[in-house]
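Okay, structure first, notes after.
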Amino acid sequence: MSESLVLYEAHDEHTAILTINRPKALNALNPAVLEALDLLLTRCQQEGIRTIILTGAGPKAFVAGADISAMADLTATEAEFFARSGQAVLDRLASYPGVVIAAVNGFALGGGMELAMACDLIVASANARFGQPEVGLGVIPGFGGTQRLVRLVGVQRARELVFSARMIKAPEALQLGIALEVVEEGAAVTRALALAATIGGKGPVAVRLAKEAINSHLDGTLAEGLSAEARLFGRCFKTADQDEGMAAFLGKRAAVFING
Ligand code: CAA
């Protein structure tokens, strides 16, 4: 397993920068990337890292989603498993015993937006674009989007964003509360490091417990919601519309759905 799919940089004793590193595929998440990220979260924990900054390699994308070429031919069972594995890694970020800041430097779509939303704070570059484009591929969000987006922006706005697959720019993400801050292009990691320094000056145990307390309002029904999401994500892969939606993306053409 190559760790170079996700780069690890120790910024200081307590702060690490993790960079999803598949820029040619706009950092799309395949099983190997998810595994590499999972391994690095273990390393961060073992090394006592208190703040993780998560970003994407290259100027164009944070993460443009789960890898469509890796998903296109999945069976329903395999797709449900893929959703559950992705959710598990994102859950590790959400419950990491320290602060995780997403520095979104471009596209954060589908699994990429879900990855950002699993972080505690999102700092967006001016060129950031957020969206849940899955229904355009004949599937639904599968890495927690149907659950975490609702919690972040409210149920009606989440419906609109998921049903329309609309891509939003950084100012709207700020207005909706998806992004905490918008900074100039190229400056997201720098700003995230400044936030990390501020938080790093506070009581580390208190910060950790405050995170746990804030997260506790998400627990309970979140697990049930995630389970339902993975099951329904898997069901999409029994449909011709999933075959068509993903084949159309990979063939660089518009999808023609048959409602089945
Ligand atoms: N999976 C696999 N490959 C991807 C990808 C993805 N999610 N996103 C981009 N790529 C690849 C492209 O196929 C392309 O590869 P080639 O150079 O080999 O052709 C390369 O990255 C560059 O992408 P584009 O040429 O498409 O770049 P662009 O600037 O014209 O468009 C974009 C950028 C709008 C982000 C476009 O790439 C795009 O729409 N990507 C797909 C976004 C998406 O639908 N994400 C959701 C995936 S489903 C999901 O995530 C399910 C879930 O919840 C678990």
Side-chain angles (χ1 to χ4, degrees), residues 5 20-35 37 56-74 76 78-91 93-94 102 104-118 124-125 127-150 152 158 161-170 173 185 225-237 239 241-255 257:
L5 286 170
I20 311 288
N21 187 34
R22 290 186 75 204
K24 285 188 184 148
L26 303 189
N27 304 317
L29 302 173
N30 62 20
V33 175
L34 290 168
E35 194 177 335
L37 180 57
K60 205 171 156 182
F62 173 69
V63 166
D67 189 318
I68 299 168
S69 33
M71 285 187 295
D73 296 325
L74 296 182
E78 289 166 344
E80 182 172 341
F81 178 80
F82 181 56
R84 288 190 194 282
S85 343
Q87 289 178 358
V89 180
L90 271 57
D91 268 346
L93 279 172
V104 174
N105 52 313
F107 292 110
L109 302 175
M113 179 162 175
E114 293 166 310
L115 182 67
M117 291 191 295
S125 283
N127 67 329
R129 300 282 181 279
F130 295 85
Q132 297 287 169
E134 288 88 347
V135 296
L137 295 164
V139 300
I140 65 172
F143 287 176
T146 64
Q147 306 303 304
R148 291 201 172 92
L149 185 58
V150 170
L152 212 48
L161 289 171
V162 171
F163 296 169
S164 70
R166 185 166 68 86
M167 212 189 290
I168 63 173
K169 295 184 176 173
E185 194 172 329
L226 288 172
S227 186
E229 181 188 83
R231 187 167 37 77
L232 296 168
F233 181 81
R235 194 189 291 171
C236 295
F237 286 71
T239 68
D241 281 354
Q242 174 269 324
D243 285 334
E244 167 62 10
M246 293 195 174
F249 174 80
L250 296 172
K252 302 187 187 296
R253 62 176 174 80
F257 293 119

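Just so you know, ligand 1 is whichever comes first in the structure, and atom 1 is the first atom listed for that ligand.
A donor-acceptor pair is defined here as one N or O able to donate and one able to accept, closer than 3.5 Å; no such pair exists between the side chain of N105 and the backbone of K60. E80 places no side-chain N or O within 3.5 Å of a backbone atom of R235 that could act as its donor or acceptor partner. S125 contributes no side-chain N or O that, together with a main-chain N or O of N127, makes up a donor-acceptor pair within less than 3.5 Å. Checking side-chain atoms of E229 against main-chain N and O of T146 turns up a donor-acceptor pair under 3.5 Å. One N or O on the side chain of E114 and one on the backbone of G111 form a donor-acceptor pair closer than 3.5 Å. A donor-acceptor pair is defined here as one N or O able to donate and one able to accept, closer than 3.5 Å; such a pair exists between the side chain of R22 and the backbone of A28. Proximity of a side-chain donor or acceptor of N27 to a complementary backbone N or O of A61 within less than 3.5 Å is detected. The backbone N or O of G142 sits less than 3.5 Å from a side-chain atom of Q87, completing a donor-acceptor pair.
Proximity of P141 to ligand 1 is established by a heavy-atom distance of less than 4.0 Å. A heavy-atom separation below 4.0 Å is not found between G145 and ligand 1.
Within a 4.0 Å radius of atom 48 (S) of ligand 1, the protein has at least one heavy atom. Using a 4.0 Å threshold on non-hydrogen atoms, atom 45 (N) of ligand 1 counts as touching the protein. Distance check for atom 18 (O) of ligand 1: every protein heavy atom is found at 4.0 Å or beyond. Taking a distance limit of 4.0 Å, we find that atom 7 (N) of ligand 1 is approached by some protein heavy atom.
Residue, atom and distance of the protein heavy atom nearest to atom 10 (N) of ligand 1 are A25 O, 3.8 Å. Counting protein heavy atoms only, atom 13 (O) of ligand 1 is closest to F249 CE2, 3.7 Å. The closest protein non-hydrogen atom to atom 16 (P) of ligand 1 is K252 NZ, 4.2 Å. Of the protein's non-hydrogen atoms, I68 N, 2.9 Å is the one closest to atom 1 (N) of ligand 1. In terms of protein heavy-atom proximity, atom 23 (O) of ligand 1 is closest to L26 CD1, 3.7 Å. Ranking protein heavy atoms by distance to atom 28 (P) of ligand 1, first place goes to K60 NZ, 3.7 Å. At the shortest separation from atom 15 (O) of ligand 1 among protein heavy atoms lies K24 O, 4.3 Å. What sits closest to atom 42 (C) of ligand 1 on the protein, heavy atoms only, is A64 O, 3.3 Å.
Between the side chains of D67 and S69, at least one donor N or O sits under 3.5 Å from an acceptor N or O.
Counting the atoms of ligand 1 from 1 in the order shown, those under 4.0 Å from a heavy atom of L109 are 35 (C), 42 (C). The distance from ligand 1 to the heavy atoms of E134 drops below 4.0 Å at these ligand atoms: 48 (S), 49 (C), 50 (O), 51 (C), 52 (C), 53 (O). Close contacts between ligand 1 and D67 involve ligand atoms 1 (N), 2 (C) [criterion: under 4.0 Å to a heavy atom]. Near G110, meaning under 4.0 Å from any of its heavy atoms, are these atoms of ligand 1: 46 (C), 50 (O). Of all the atoms in ligand 1, the ones that sit under 4.0 Å from a non-hydrogen atom of G111 are 49 (C), 50 (O), 53 (O). Each of the following atoms of ligand 1 lies closer than 4.0 Å to a heavy atom of P133: 43 (C), 44 (O), 45 (N), 46 (C). Those atoms of ligand 1 with a heavy atom of M71 less than 4.0 angstrom away are 48 (S).
At least one N/O-N/O distance between A66 and ligand 1 falls below 3.5 Å. Of the N or O atoms in F233, none lie within a sub-3.5 Å distance of an N or O in ligand 1.
The neighbour count for R84 CZ, taken as heavy atoms of other residues, nucleotides or ligands under 6.0 Å away, is above 12. Atom CZ of F257 has more than 12 neighbouring heavy atoms from other residues, nucleotides or ligands inside a 6.0 Å radius.
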For a salt bridge (charged side-chain N to carboxylate O under 4.0 Å, His left out) check, start with the C-alpha distance between R148 and D91, then their side-chain angles and the critical distance, and finish with the verdict. CA-CA 11 Å; R148 291 201 172 92; D91 268 346; 2.6 Å; yes
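Separation of atoms CG (L37) and CG (L5) is listed at 10.5 Å; rounding is to 0.5 Å.
Taking the six-membered ring for Trp, F82 and F237 have ring centres at least 6.0 Å apart.
The part of L137 lying near ligand 1 is the side chain, judged by heavy-atom distances below 4.0 Å.
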